[in-house]
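Report on the following structure.
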Amino acid sequence: MESDEENEEFQAWKGVPGTVVLINAFNPSSTESPAISHVATCRMIRQHLRFASNHYIGVCLYGTGDSEAASFGLQNVTEICSLNLPNLDDYKKLQSVNITSYGQAKDLKLSDALWHCSKMFTNCKKQLVSRTILMLTRLDIPPVESDHRATYMRVSDLVQSKIEVKIINVANEDVPVDQFYKNFLSEANGGKETAVPKAIWDCKEIENMMYQQSHRHLALARLSFEIGDGLAIGVGVYSLLKSNALPKNVNLHRDTNAILTSATKTVKVSNEGNNSNKVQMDVDEAENEQKQLPVLKSELLHYQNYGGERIEFTDKEKKKLSNPFGPPILKLLGFKPAGIMCKEKWFLKAGYFLYPNEDVIEGSTVAFKALHQACLEMKVVAICVLCTRVNSKPYIVALAPCGHPLGLDVEIGFDVIRIPFIESVRQLPTEDEGDNINVSEAHRRTMKDIVNTLKFDYKPEMFENPKLQSQYKAVEAIALADEELEPFVDTTKPNMEKFQELEEDLFDHLFGPFGATAPKRSGTKEAGVSSKRTKFDGEIDENLLQNRISNKKVNMYTVEQLKHILKWKNIQSLPALTGLKKNDLVNLVYEYCC
Amino acid sequence: MPPKVDQAAILILDIGRNVSTSDEKGKKSFFEEAKECVARVIERKIMSQDKNLLGVMLLGSKKTQNNMAEQCDGAFRHIEFLAELQAPTWKMIRDFPEKPTKSRGDWMDALVVAADHFKNGLSQVKVNSKKILLMTNFMCPTCLDENDIEKILNGFTEEEFELDVIGPDIYDESLKSEDIQLARKFVETTNGETATFEYAMQSCLLFHKKRTVNPTPWNVDLSIGPNIKIPVSSYIRLRDEPAVKTWLKAVKDPVTLTASSTEGIMSHKMHINTENQEVVEPDSVIKGYHYGQQIIPFAECDKSLLYEPGEKSLSLYGFTDASNINWQCLSGDGLAYIFGRKGDNKAKLAIRCLIECLHEMSLVGIVRRVYNKGNAPKMFAILPVIDTNNYVCLSMIPLCYKEEIKYMAFPPTNLKRYACSKEQVDGFKELIKAMDLMKAYDDTYEGTEAFPIAETVSPSVQYVLDCIAFRALNPGKPLPEPRDDILTLFKIPPLVQKRSKEPIEKLKNLFTLTKVEAKTRDRKRTQQQVDADMNDQNLEIKPDNQSNDGDMPTIQLPVTKKSNTITKIGTIDPVNDYKLLISNGTPLIDLIPEMAKVIENIVDCSFDGTYTKALEAMKHLRQECVKADPAPYNNWLQKFKKELTDRQKDDVLSLINDRQLNFILKAENSSSTHENVDSTQSQLYENDTVPDATELTMDTEINDLFDEM
DNA sequence: AAAGACCAGCTTCAACAGCTAATAAACTAAAAAC
DNA sequence: GTTTTTAGTTTATTGGTCTTA
């Protein structure tokens with residue numbers, strides 16, 4: 001056993017994650033559960049396709065009827081996709097599957113299905129870093145009594161061979177959970193107490209959950225949270241948002257579509273030895289290549305220009321500059337009232353999320369919860385120093401207690417809010433015209449009407465990146481060819497109907513017109529009268545014209561104005577003005593208007 | 001318009017006989033303090049990288065070199081323009097005289113010369129504010145008569161010069177000489193400022209000011225529906241920016257160890273075909289997408305399906321309850337403040353009205369922003385900011401897109417075994433009460449709040465700037481460790497620390513926290529960690545023990561064997577050499593200066609930044625002197641410290657303090673003349689560290705006693 | 001009416017060229033975690 | 001080894017006016 005573990009641990013980070021999705025197709029009461037599970041699985045795989053992920057995914061049904069083609073000796077299990085990298089064929093196949101066409105088993109049996117899954121893992125040629133069986137099932141219908149014992153044993157075996165078994169409860173809210181599944185879950189959790197997964201019915205939610213579950217559960221850092229001298233708890237720091245939501249883009253060869261990698265070669269070039277050579281030769285690559293020598297780290301200097309001098313540092317020294325402080329840590333400094341944390345004043349960067357971690361210090365969760373509760377009741381935030389990684393710069397954060405961040409099924413935790421240093425603040429230009437501005441009751445009423453008309457409920461997941469979505473659509477149009485997917489909806493644009501109700505005239509009357517008092521751009525230029533382009537009003541300022549002629553500034557008129565001036569002068573021999581360049585018009589003015 | 005500069009300042013530093021002595025024994029002279037202060041002022045100006053001009057003038061110089069003196073023969077003597085108005089340079093600091101002169105200069109004359117330079121020395125440059133920083137102790141009274149002085153003052157007000165006096169406390173009633181009264185009048189009339197050296201160094205000059213950027217507005221119409229368009233400007237208000245600009249690269253010249261003038265760095269990027277390893281010309285490179293295992297060239301995509309974000313815009317999506325916006329859904333980097341367009345009072349009114357309404361109704365706006373035509377749209381929340389001291393505006397905060405949400409799951413916490421009791425919660429409540437950072441300091445401080453948001457400096461930024469300045473002034477010397485001033489920025493305030501002791505102890509009893517044995521998985525990492533630590537150690541003790549250089553060990557090995565024949569203390573193992581020579585009967589009186597010399601040499605050539613060997617040698621020398629005669633050590637240390645101060649070797653100075661290598665005190669050897677540690681650099685440290693140092697020195701004494709037993 | 005091309009201001013003997021800067025977005029490289 | 005994050009780059013555009021399809 002121990003040697004096994006050692007062996008496993010030795011290569012702990014080699015390989016890719018593997019997941020087998022196991023959909024319960026046994027559906028005596030004709031619920032939507034299998035169908036929803038099916039759609040959600042498709043969507044999850046599409047998500048993997050979009051990100052070109054390296055996860056191995058297989059899909060199986062269980063509780064299906066016997067079929068001739070059925071897996072040798074295996075009853076009631078249908079493998080739809082073998083454990084493989086997600087690919088278009090599998091995806092299309094899965095999409096076209098009609099679950100009901102596989103028929104129904106007489107009795108629901110789970111043990112064989114699990115056994116088949118474990119066989120899929122064993123047969124997988126690729127080295128897997130993790131193995132997960134993701135069951136999509138209702139929890140109200142247990143397998144036949146005779147299968148219970150076999151299933152428990154099977155699960156126990158799986159857990160021992162490091163195959164995780166997870167359940168997504170695909171059902172309406174109020175379906176009672178059968179005792180069998182409670183036992184099952186406990187067994188799957190190594191005998192420890194655990195919670196029954198909440199029932200979900202929305203297929204997008206299931207998709208999210210599946211995608212998440214098939215994904216490595218990564219903490220940004222696992223730290224010891226030092227609350228005081230000799231008092232520390234284990235915590236994990238997580239980022240709840242992705243920093244780059246962009247899919248992989250690659251460079252290809254124009255002719256062959258072969259994938260290209262890029263390499264940067266850094267060389268030192270002598271700029272003196274061949275100084276006498278023509279400059280053109282320097283650009284010539286062949287010539288240059290001869291002088292190019294590889295650069296050693298030890299002969300590299302980094303410098304900054306300050307006070308008219310180059311301030312130089314060696315490569316090592318530069319590293320030291322960015323790494324002057326200690327090891328990763330979260331250290332409590334004290335507390336402040338929660339009210340001081342104003343998003344509108346201090347938001348600097350996307351925050352993190354803090355969650356207890358029992359792996360390092362047992363009992364952390366209890367202490368974490370107590371601190372959470374105390375902070376809530378006292379309405380305070382904890383102020384801490386945070387250094388997430390070995391070589392990262394430490395900074396000060398506020399820990400604000402929160403629950404269900406982003407609407408997730410997470411009871412408690414702390415928002416980790418970065419507190420800005422003075423260097424991050426910019427002093428902005430202020431205009432002391434506040435006194436002239438008097439907001440009247442009428443203004444206020446009109447504005448409030450507008451605001452009320454446009455009220456809606458914000459949800460963090462309501463806006464999709466339209467650029468990304470349309471890119472997916474464009475790529476999928478080619479990749480999936482025949483599939484016609486849901487039309488693209490731009491969620492960043494509001495429904496314009498509501499805006500029809502606005503009392504725009506009243507608003508204009510009270511607040512407008514804007515731009516009327518805009519400052520003059522400069523002494524010599526026309527006043528920027530409005531935010532719209534200055535319309536020529538037909539009036540010609542003779543003084544201004546003569547002034548400009550004598551100052552050779554006639555070109556400051558627009559073409560429209562120049563034409564107007566020339567016409568207005570009523571010059572006899574004036575040629576046709578259309579089609580002339582501005583310069584010609586200007587010259588005409590100098591010629592005729594003096 | 002001619003080139004515009006925000007500020008021009010002339011520093012006038014008195015270096016005459018009148019500033020050469022210190023008021024109290026052991027304290028730095030006015031000259032020394034002023035020199036430090038000027039160096040800091042110039043250093044800060046350089047590091048802030050603004051466009052401001054700086055001039056440096058020496059008052060009481062031996063030389064006379066200024067425009068006014070050239071015009072009026074025999075007048076304006078002993079005033080030397082060390083540097084005329086220009087962008088500040090390191091040279092200004094380096095050119096500073098080491099010692100005060102025997103001459104005296106008239107400070108009022110200096111003001112006139114400075115004023116003249118402002119008027120006539122700046123040809124084309126337009127300057128917003130003109131400052132003169134005067135550093136003198138006013139112990140050399142002006143010879144100008146009242147009328148002339150009145151004229152000068154009038155000139156100052158007319159030209160809007162500002163006079164700042166740094167150094168003496170000109171409001172100290174015990175110092176009210178006529179000249180100080182005069183200085184006060186100048187400062188007050190010109191709206192100038194004044195500070196003592198101590199105050200200036202400890203508060204205004206303690207930290208660097210990072211380079212500033214002038215905020216540029218992003219002008220756009222805030223549109224509400226198709227027809228309402230309010231002209232607004234948004235400015236970046238908060239953003240995490242790197243401490244310094246992009247680093248430039250150069251090749252080290254093997255001879256000078258500085259950037260080579262004949263060689264440069266060039267980077268060349270190329271594409272390599274993964275199938276045949278051939279280099280592909282940039283022309284034949286096209287973009288493509290990975291879809292599952294399939295490759296899809298960008299060109300094949302239907303361009304009509306690509307998104308068109310539209311024109312530059314800021315369009316309102318709607319309004320929502322402020323409570324809907326949580327910290328977790330904020331993404332992106334920093335925030336911008338939106339104002340009604342400059343000069344457009346109607347726009348300002350509309351925005352002001354919107355701000356007030358949102359504030360009253362506890363709502364926020366959601367907007368869609370397209371920064372430039374064709375750029376991907378981003379969603380933002382706009383929140384009202386009403387801060388009477390500062391700004392009334394809308395704060396624009398970036399919101400996340402759905403695609404960014406990770407939908408993470410966590411192990412459940414609502415299990416029975418994780419339940420916590422009321423006592424446990426109360427335990428933390430007590431801690432919260434004890435560790436209130438809003439009352440972290442006595443009232444003697446200006447504010448009682450610790451870590452005020454957006455008011456404290458960033459330690460990492462400060463350290464980088466420190467290092468750049470250090471390198472500029474100490475070329476070739478190893479970089480210092482972070483200053484204490486910087487390290488304390490991450491420490492719990494002492495008062496809070498003290499108050500927290502009891503509640504922490506209580507908490508320890510309330511919870512069962514057991515460290516989990518490191519798993520096998522961690523073994524490897526732990527080993528790596530150990531390895532890393534070992535490496536660090538190796539680096540630190542390298543000069544003492546082995547080095548990576550091949551020849552070092554070969555030198556070192558013979559030394560220990562040859563030791564019988566040595567006649568002088570070497571820099572390789574001074575302590576042993578010393579011991580050997582003593583045992584060979586070399587007289588102490590000869591050895592002590594030699595040892596001192598060696599220590600100085602080691603410090604000069606130390607490349608490790610830790611000065612381990614030098615400090616070891618000092619420790620030994622000190623111990624020897626404690627036993628024999630404190631005077632040689634103390635006298636030498638006095639000189640050495642002065643030299644270190646001059647050469648800005650603050651790191652060595654603090655190490656001397658830290659390692660208790662300071663003056664040998666009377667308590668240690670009764671023939672010492674030093675009652676306590678009055679280190680010449682004491683004002684660099686906070687007051688409360690002084691008793692600490694004393695305590696530590698006492699410890700040494702006890703240690704030494706034990707040593708002797 | 002919309003889209004794209006094109007020159008922008010500042011020096012000042014004058015005319016020239018040759019500078020100038022903030023910012024978002026896109027990108028790469030490097031580090032660290034699992 | 002792979003994934004994720006971040007720090008640190010580089011690059012293009014900014015604005016107004018005029019012409020053109």
Side-chain angles (χ1 to χ4, degrees), chain A residues 9 11-17 51 53-55 126-127 129-130 215-223 236-239 241-246 248-249 251 261-264 266 302 318-319 322-323 328 349-350 352 388-393 426 467 521-522 525-526 528 533-534 555-562 578-583 585, chain B residues 1-4 51 123-126 212-220 234-236 239-249 267 269 287 311-312 332-334 336 369-376 378 398 406 460 521-522 524-525 528:
Chain A
E9 297 298 342
Q11 305 171 329
W13 48 78
K14 287 202 173 176
V16 296
F51 278 91
S53 86
N54 277 325
H55 296 190
K126 182 87 179 175
Q127 165 136 37
V129 69
S130 68
H215 206 266
R216 284 202 282 175
H217 187 235
L218 293 177
L220 190 81
R222 287 165 188 275
L223 302 171
V237 181
Y238 301 83
S239 70
L241 299 178
K242 270 183 258 193
S243 55
N244 61 337
L246 297 165
K248 286 176 195 161
N249 287 4
N251 287 319
T261 53
S262 68
T264 321
T266 305
H302 304 269
K318 197 193 153 211
K319 279 235 167 73
S322 49
N323 177 23
K349 268 191 152 194
Y352 299 129
T388 50
R389 295 149 166 231
V390 175
N391 278 333
S392 66
K393 290 165 187 162
R426 295 201 195 179
K467 203 184 159 187
R521 261 197 293 280
S522 84
K525 282 191 176 166
E526 308 301 315
R533 177 102 82 82
T534 313
N555 63 349
M556 294 182 78
Y557 286 111
T558 65
V559 167
E560 198 187 348
Q561 286 170 322
L562 289 166
T578 46
L580 288 181
K581 296 242 189 279
K582 180 173 181 180
N583 260 351
L585 292 169
Chain B
M1 262 202 291
K4 227 172 63 186
K51 293 273 148 33
S123 48
Q124 268 77 50
V125 194
K126 268 248 171 73
T212 48
V213 278
N214 6 332
T216 44
W218 179 65
N219 293 328
V220 71
S234 90
Y235 293 85
I236 294 172
R239 172 162 302 183
D240 196 26
E241 279 165 310
V244 291
K245 288 206 265 242
T246 312
W247 290 86
L248 300 160
K249 290 189 181 86
S267 278
K269 197 185 159 190
K287 287 251 171 282
E311 296 297 313
K312 166 181 179 175
D333 49 0
R369 187 197 75 165
V370 173
Y371 187 77
N372 267 325
K373 190 176 114 177
N375 284 169
K378 279 193 168 173
K406 278 194 197 161
S460 24
R521 163 158 36 101
D522 298 323
K524 205 172 168 189
R525 197 195 322 140
Q528 279 172 351

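Here is the naming used below: chain letters follow the sequence lines, and residue numbers restart at 1 for every chain.
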Side-chain N or O of [X] closer than 4.0 Å to phosphate OP1/OP2 of [N]:
X        : N      : value
B/Lys373 : C/dG4  : yes
A/Lys349 : D/dA7  : yes
A/Asn54  : D/dT3  : yes
A/Arg389 : C/dC34 : no

Which listed nucleotide ([options]) is nearest to the side chain of [X]?
X        : options                : value
A/Asn244 : D/dT5, C/dA21, C/dT23  : D/dT5
A/Val390 : C/dA31, C/dA25, C/dA33 : C/dA33
B/Tyr371 : C/dT23, C/dC34, D/dG15 : C/dT23

**Report entry** Complementary nucleotide for C/dT20 - Watson-Crick or wobble, under 3.5 Å
**Finding:**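 Checking every strand shown, C/dT20 finds no partner, since no pair has both distances under 3.5 Å.
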Report task. Once you apply the 3.5 Å cut-off to both distances, tell me the Watson-Crick or G-U wobble partner of D/dT10, or none. Result ->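 Matched D/dT10 with C/dA25 under the 3.5 Å cut-off.
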By the 4.0 Å heavy-atom rule, please label [X] as base, sugar-phosphate, or nothing.
X        : value
B/Trp247 : sugar-phosphate
A/Tyr352 : sugar-phosphate
B/Lys249 : nothing

Report task. To the nearest Å, give me how far apart CG (A/Leu218) and P (D/dG1) are. Result ->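 Answer to the nearest Å: 18 Å.
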Query raised in the report: Between C/dA25 atom P and B/Asn372 atom CG, what is the distance in whole Å?
Result: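 Taking CG of B/Asn372 and P of C/dA25, I get 8 Å after rounding.
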